[in-house]
Amino acid sequence: MSSERKQYPFRLIEPKWQKIWDDQQTFRAWNPGAAIPPEHPFAQRHPGRRAEDLPKSYILDMFPYPSGAGLHVGHPEGYTATDILARYKRALGFNVLHPMGWDAFGLPAEQYAISTGQHPRKTTEQNIATFKRQIKSLGFSYDWSREIDTTDPKYFRWTQWIFLRLYHSWFNPQTNKAEPIETLLYPQELQIGPGSSPDSALEHKRLAYRDSKRLAYVAEMPVWWCEELGTVLANEEVIDGKSERGGYPVVRRAMRQWMLRITSYAERLLQDLDSIDWSHSLKEMQRNWIGRSEGAEVKFSVISDQWSVVSKQGSVTETGSLKTDCSITVFTTRPDTLFGATYMVLAPEHKLVAQITAAEWPADTPDAWKGDDKSAARNPQSAVAAYRAYAASKSDLERTDLAKEKTGVFIGAFARNPVNGERIPIWIADYVLATYGTGAIMAVPAHDTRDLEFARRFNLPIRVVVQAPAGKDSVGYVDDGESVNSGLITGLRTPEAKRTITAWLEEKGLGHKTINYKLRDWLFSRQRYWGEPFPIVWKTDAGGQTYHQALPESALPLLPPELTDYKPTSAGDPPLARAKEWVQLPDGSSRETNTMPQWAGSCWYYLRYLDPTNDQAISASETERYWMGARARSKFKVQGSKSEGSAVASNLAPETLNLELNESTTPGVDLYVGGAEHAVLHLLYARFWHKVLYDLGCVSTPEPFFKLVNQGLILGEDSQKMSKARGNVVNPDDMVREFGADALRLYEMFMGPLEDVKPWSTKGVEGVYRFLGRVWRLFVDEQSEAEFEQSQTVHPHAGAELLDRIRLDGAVQDIEPTTPQLKALHACMKKVTEDLDRMRFNTAISALMVFVNEAMTWPRKPRPILRDFLMLLHPFAPHLAEELFAKLAEAPISNLKSQIPLSYQPWPKYDPALLVEDTLELPVQVNGKLRGRILIAANAGVPQIEAAALNNEKVKPFIDGKTINKIIVVPKKLVNIVAA
RNA sequence: GCCGGUGUGGCGAAAUGGCAGACGCACAGGACUUAAAAUCCUGGGACUAUAAAAAGUCGUGCGGGUUCAAGUCCCGCCACCGGCACCA
């Protein structure tokens, strides 16, 4: 291709316009109250108006991690879609915020630093430079004055600030929101009586209580430690119990970790999905991740005849008989099956296991119940210890491997079923997770697949308590049915049975209704260098107890120390621990050495774009309320929900703002586009932080992203996922060099619907490139272009000024358009406008092609028509459109009155009257099959149409000799004759 | 297993319940050219039939249904893609 004649001189055109946009700051977005220079296109388009007088549109891309590999063709897909809409919205008269930045903390730069000693900042800067060059070469209309970088201390100062807000807050279940920790209410025994001064013991307890309630709190949590690599690994970096890199063994190690209390927000995160316009599948993913389930907690009392306390080493330290008041609480979604509970299972890690395990096997305990490790089967305690060691050695992945057979050990103890007093055995098994519910279950083998599998293996009783519908086996039946053999609920349908038994349990104090979530609190610390340090120090009190304390806001940003070695210490401390002078403070306290995860910076970046240089706040309140649509009360339809959502977005007084309310003003980011890989984590974390900031009055909307769209993955030409290994990676730089940025943009949008997965085709790029060439030839004079090319050969290093030698085609004239020409234009306007509103870029482009195909046949081309066409083209192919628009503007023409740049010209409005046809061609069907066509006046009446249809020569043979039962005339669509 | 999505020419794809395949790619034929490239024009779902045309039959993963009319709506399957996965 490179040897071929170029379709048009995009290599001069594209850099030319990119420079003009840069110099002019064309796409700078103005905040409320900003002084807008009168020469800026915004001021020319909207003379005398302030930024806040216009409706806003916040169009956001998921910002990239600037990797060393550079941009991928997947990136420009979403970026082009948002850029098209940003340009379209600008043309519609919106004040558009369309920013870009860098999610630049992360592992690759750190690992590169470990192996080369090069500071991650250096690598990061280089990668950002590459990404920025590549993104700029595509001509996106970003406001680069708002560029942010999560690794910039001016940025992460605020990431740390938000962490402090989390640290200084608790979740008040009464108000269902976050509040400053000062409002925390202490339980009776921790309250300070009036006038009395607290002693240090009480003060210590109060501190511990307060710390346990913070939204950011500390807990011992297991992490993966890889001895060989000398580092801690993330879950995703551990494959089958080995490190992803190098395949070295990893072990679970308990470490002190920072956690964020996202679980407090589970219900709101779930509920508020109904108020935002995200795809059905994405909402479902979030719902599944949150995993709400309603059920009951039920208490089972332990009736062990012998009990004992076992030390960590496995030896018995204490024994006795019949420990009373010891009970196990289980969570179940099926309290109606309580009568079918024939055994119980605790997670191996359950706290009560040590306490209730019997010293000796009860008489008649089958050998199979004593565990697979025969050497440990001599008594319950050694069997339990062996099983717990076995379970602990397995990775999460192995533990959840469904294919394997269920394992477990009877602990020699029994519990009493609260509904029927039955004595049932207690087991430990790793199919019960310590982290969900209460870490203990009642097993109902007849109506739970897992319990059934387990019961069959160990020969435990299976009792049917729910009658399956006729034709289905009740054993293993897990759906709703009718309760049987179940005392007071026998005969009730499942929902009723649940209610009844739960009420009964509550009355007896044996249980209560409850809601459980799969969502876990967020493990927020990483043992890494290249991340935000925690603004926390550790101190030791007089009693030798350590406790944490937040740094004051004035200490922010807290910079990471300079290091030469980025590996964790041999003791397993994070790399920051190597900087002893940084860690140890003069007052004897020491700094937290963990860092925040990469998610931290991306949790709130969309708020920083609003006011990126503000050093008093994340963003000024007025600015935040303008861009986030604090006053929006737009009614909107939410996909998949019957009710019409009403987003009353603000908890602030709207009267104080002087905003123009617009129908389409939405609360939060108007459009957020990015990959589906962030469907759960990033989008859930960001929603969580946003809600906390909302509770604390820092932001004015409960949700950050109103409308969200996932662009589909772009596959290689072989329809396989693009990867270096497969050699099917397409580099955007190559495409821009060969075909230009406009062609690349246009192709990415023409491939198919934005959200679909679709394979790349370089031939397809050539196709749209040819289309752009046809657009070019529609406008320019061939002779002058040939001269231009000659002069280019003579002056190979000449710049864009050579483009001035190209003249408009003589057929382009300032003449009255003909009716067919107007029709072609307005049909195109209608289609492109409607398709842009629905984000159907591929069909909008096809409408542009249809127009050009027709316009190519016109002997004379009216300038006003071509001018409007360029408006339609410009969001898709902005460089070419600008260049041709400039050529058109060289001579004054009727509808080019002002000097407003193309990027700020108003969007053309189509005239429906022009699209009305006088004569229509109607298809005529006989019994639903197409048989002929009639030409008929558009205003013809039904009898006239019927007559024409019946008299059509093509139709006649199919109705001759038949009875005509009915003629259906669909106005302007078709005629169907029903005959027999 | 559960949840979500998608199945339409050789390929990417279009089609408020109303002419299936717009637009593009690839392909074929033609014009221009010494020739090629580029460009321009023409063709095209499959099958039957025909010298050609006209024409007919079938056709949107499979099987049913609703309807004058179904790619589109309903019921039951199948395949593929994505997510979750012992969550009680």
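Since the structure is predicted, the reported quantities are computational estimates derived from the model, not experimental observations. Letters go in sequence order (proteins before strands), and every chain restarts at 1.
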Margin query: Whether A/Lys6 contacts B/A38 is assessed here as follows: a side-chain N or O lying under 4.0 Å from the phosphate OP1 or OP2. Is that the case?
Written below: no
Next item on the list: Answer with base, sugar-phosphate or nothing: what part of the nucleic acid does A/Asp756 contact at a heavy-atom distance below 4.0 Å?
Entry: nothing
Note to self: Without decimals, in angstroms, what is the distance between A/Lys830 NZ and B/A22 P?
What the structure shows: 20 Å
Next item on the list: Using a 4.0 Å heavy-atom cut-off across all strands, classify A/Lys721 as base, sugar-phosphate, or nothing.
Entry: nothing
Item checked: Cation-pi geometry met for A/Arg687 and A/Trp289 (6.0 Å, 45°) -> no
Margin query: Taking only the P atom of each, what is the distance from B/A52 to B/U34 in whole angstrom?
Written below: 35 Å
Margin query: Is it the case that atom CD in A/Gln720 sees more than 12 heavy atoms from other parts of the structure closer than 6.0 Å?
Written below: yes
Note to self: Defining pairs by Watson-Crick or G-U wobble geometry with both distances under 3.5 Å, how would you list the stems of RNA chain B with at least three pairs each?
What the structure shows: B:1-7 with B:78-84, B:10-12 with B:23-25, B:27-31 with B:39-43, B:45-48 with B:55-58, B:61-65 with B:73-77
Margin query: Can you check the distance between B/A22 and B/G9, where both ends of the measurement are the P atom (answer in whole Å)?
Written below: 13 Å
Next item on the list: Spell out, as yes or no, whether a donor-acceptor pair under 3.5 Å connects the side chain of A/Thr332 to the backbone of A/Arg334.
Entry: yes
Check: Hey, are A/Asp521 and A/Thr263 close enough side-chain-wise for a donor-acceptor pair under 3.5 Å?
Finding: yes
Next item on the list: Would you please say whether a donor-acceptor pair under 3.5 Å links the side chains of A/Glu785 and A/Trp776?
Entry: yes
Margin query: Output the rounded distance in Å from CD1 (A/Ile290) to P (B/C3).
Written below: 18 Å
Next item on the list: For B/G7 versus B/U60, give the span between their P atoms, rounded off to a whole number of Å.
Entry: 14 Å
Checklist line | Nearest non-hydrogen partners of A/Ala497 and A/Ser483, listed with the distance | finding: CB-OG, 3.5 Å
Next item on the list: May I have the distance from A/Ile515 (atom CD1) to B/A88 (atom P), rounded to whole angstrom?
Entry: 13 Å
Notebook entry, point to check: Below 3.5 Å, does any donor atom in the side chain of A/Lys518 face an acceptor in the base of B/C84, or the other way round?
Noted result: no
Next item on the list: Quickly work out the A/Tyr769 OH to B/A38 C1' distance and round it to whole Å.
Entry: 11 Å
Notebook entry, point to check: B/A88, B/A13, B/G83: which one has an atom nearest the side-chain heavy atoms of A/Tyr436?
Noted result: B/A88
Note to self: If you only use heavy atoms from C-beta on, which nucleotide in B/A14, B/C40, B/A88 is closest to the side chain of A/Pro753?
What the structure shows: B/A14
Check: So which nucleotide from B/G24, B/G4, B/A88 ends up closest to the side chain of A/Val432?
Finding: B/A88
Item checked: Summary of salt bridge (charged side-chain N to carboxylate O under 4.0 Å, His left out) pairs that have at least one residue in residues 922-934 of chain A, sequence neighbours excluded -> A/Glu921-A/Arg933
Item checked: Donor-acceptor pair, side chain of A/Thr857 and main chain of A/Asn853, under 3.5 angstrom -> no
Check: Which listed nucleotide (B/A55, B/G56, B/G24) is nearest to the side chain of A/Phe750?
Finding: B/G24
Next item on the list: Ignoring backbone atoms, test whether A/Arg770 places a side-chain nitrogen or oxygen under 4.0 Å from the OP1 or OP2 oxygen of B/A26.
Entry: yes
Next item on the list: Return the nearest nucleotide to the side chain of A/His280; candidates are B/G12, B/C84, B/G5.
Entry: B/G5
Check: For the pair made of CG in A/Asp448 and P in B/G1, what is the distance, rounded to whole Å?
Finding: 17 Å
Checklist line | Short side-chain N/O contact to B/A88 OP1/OP2 from A/Ser293, under 4.0 Å | finding: yes
Show me the side-chain donor-acceptor pairs of residues 748-760 of chain A shorter than 3.5 Å, one per line, residues at least two apart or across chains.
| from | atom 1 | to | atom 2 | distance (Å) |
| --- | --- | --- | --- | --- |
| A/Glu748 | OE1 | A/Glu77 | N | 3.1 |
| A/Lys758 | NZ | A/Glu77 | OE2 | 2.6 |
| A/Lys758 | NZ | A/Pro753 | O | 3.0 |
| A/Lys758 | NZ | A/Leu754 | O | 3.2 |
| A/Lys758 | NZ | A/Asp756 | O | 2.6 |
| A/Trp760 | NE1 | A/Thr762 | OG1 | 3.0 |

Note to self: Rounding to an integer number of angstrom, what distance separates B/G12 and B/G64 when you compare their C1' atoms?
What the structure shows: 33 Å
Check: To the side chain of A/Glu284, which of B/C86, B/G4, B/G24 is closest?
Finding: B/G4
Check: Taking only N and O in the side chain of A/Arg840, is any of them less than 4.0 Å away from OP1 or OP2 of B/A14?
Finding: no
Notebook entry, point to check: In chain order, what residues pass the salt bridge (Lys or Arg N to Asp or Glu O under 4.0 Å) check against A/Asp837, with sequence neighbours excluded?
Noted result: none
Notebook entry, point to check: So what does A/Gly767 touch, heavy atoms closer than 4.0 Å: a base, only the sugar-phosphate, or nothing?
Noted result: sugar-phosphate
Notebook entry, point to check: A/Asn927 or A/Met751: which one's nearest nucleotide on RNA chain B is closer to the 5' end?
Noted result: A/Met751
Notebook entry, point to check: Separation of A/Tyr747 atom OH from B/C25 atom P, in whole Å?
Noted result: 11 Å
Margin query: Looking at B/G83, I'd like to know if its phosphate oxygens (OP1 or OP2) sit under 4.0 Å from a side-chain N or O belonging to A/Gln286.
Written below: no
Notebook entry, point to check: Whole Å only: how far is the CD atom of A/Glu405 from the P atom of B/C86?
Noted result: 17 Å
Margin query: Within 90° of 0 counts as syn, otherwise anti: where does B/G9 fall?
Written below: syn
Check: Mind checking the P distance from B/A85 to B/C80? Whole angstroms is fine.
Finding: 22 Å
Next item on the list: Write down the distance between CG (A/Asn853) and P (B/U39), rounded to a whole number of angstrom.
Entry: 13 Å
Item checked: Residue A/Asn976, side-chain atoms from C-beta onward, closest of B/G18, B/A22, B/G4 -> B/G18
Margin query: Looking only at the side chain of A/Asn842 (C-beta and beyond, no hydrogens), which of the listed nucleotides B/G24, B/A13, B/A88 gets closest?
Written below: B/A13
Notebook entry, point to check: Distance under 6.0 Å and angle within 45° of the ring axis: does A/Lys406 meet both against A/Tyr431?
Noted result: yes
Margin query: On RNA chain B, compare the nucleotides closest to A/Lys763 and A/Val680; which residue's is nearer the 5' end?
Written below: A/Lys763
Note to self: Using the side-chain heavy atoms of A/Lys758, tell me which of these nucleotides is nearest: B/A88, B/G12, B/C23.
What the structure shows: B/G12
Margin query: Does a side-chain N or O of A/Arg931 approach OP1 or OP2 of B/G56 to a distance below 4.0 Å, or not?
Written below: yes
Next item on the list: Look at all strands and tell whether A/Ser846 reaches a base, only sugar-phosphate, or nothing, counting heavy atoms closer than 4.0 Å.
Entry: base
Check: Within less than 4.0 Å of OP1 or OP2 of B/C2, is there a side-chain N or O belonging to A/Asn288?
Finding: no
What N/O pairs connect the protein and nucleotides 19-21 of chain B at under 3.5 Å? Give each pair on its own line.
| from | atom 1 | to | atom 2 | distance (Å) |
| --- | --- | --- | --- | --- |
| B/C19 | O2 | A/Arg933 | NH1 | 2.6 |
| B/C19 | O2 | A/Arg933 | NH2 | 2.6 |
| B/C19 | N3 | A/Arg933 | NH1 | 3.0 |

Notebook entry, point to check: Considering only the P atoms, how many Å lie between B/A38 and B/G21, rounded to the nearest integer?
Noted result: 30 Å
Margin query: Using ring centroids (six-membered ring only for Trp), state whether A/Phe458 and A/Tyr343 fall under 6.0 Å.
Written below: no
Checklist line | Residues that A/Trp858 engages under ring-ring contact (aromatic ring centres under 6.0 Å, His included), provided they are two or more places apart | finding: A/Phe851
Next item on the list: Could you measure between the two C1' atoms, the one in B/C19 and the one in B/A15, and give it in whole Å?
Entry: 11 Å
Next item on the list: For B/C25 and B/U33, measure between their P atoms and round to the nearest Å.
Entry: 25 Å
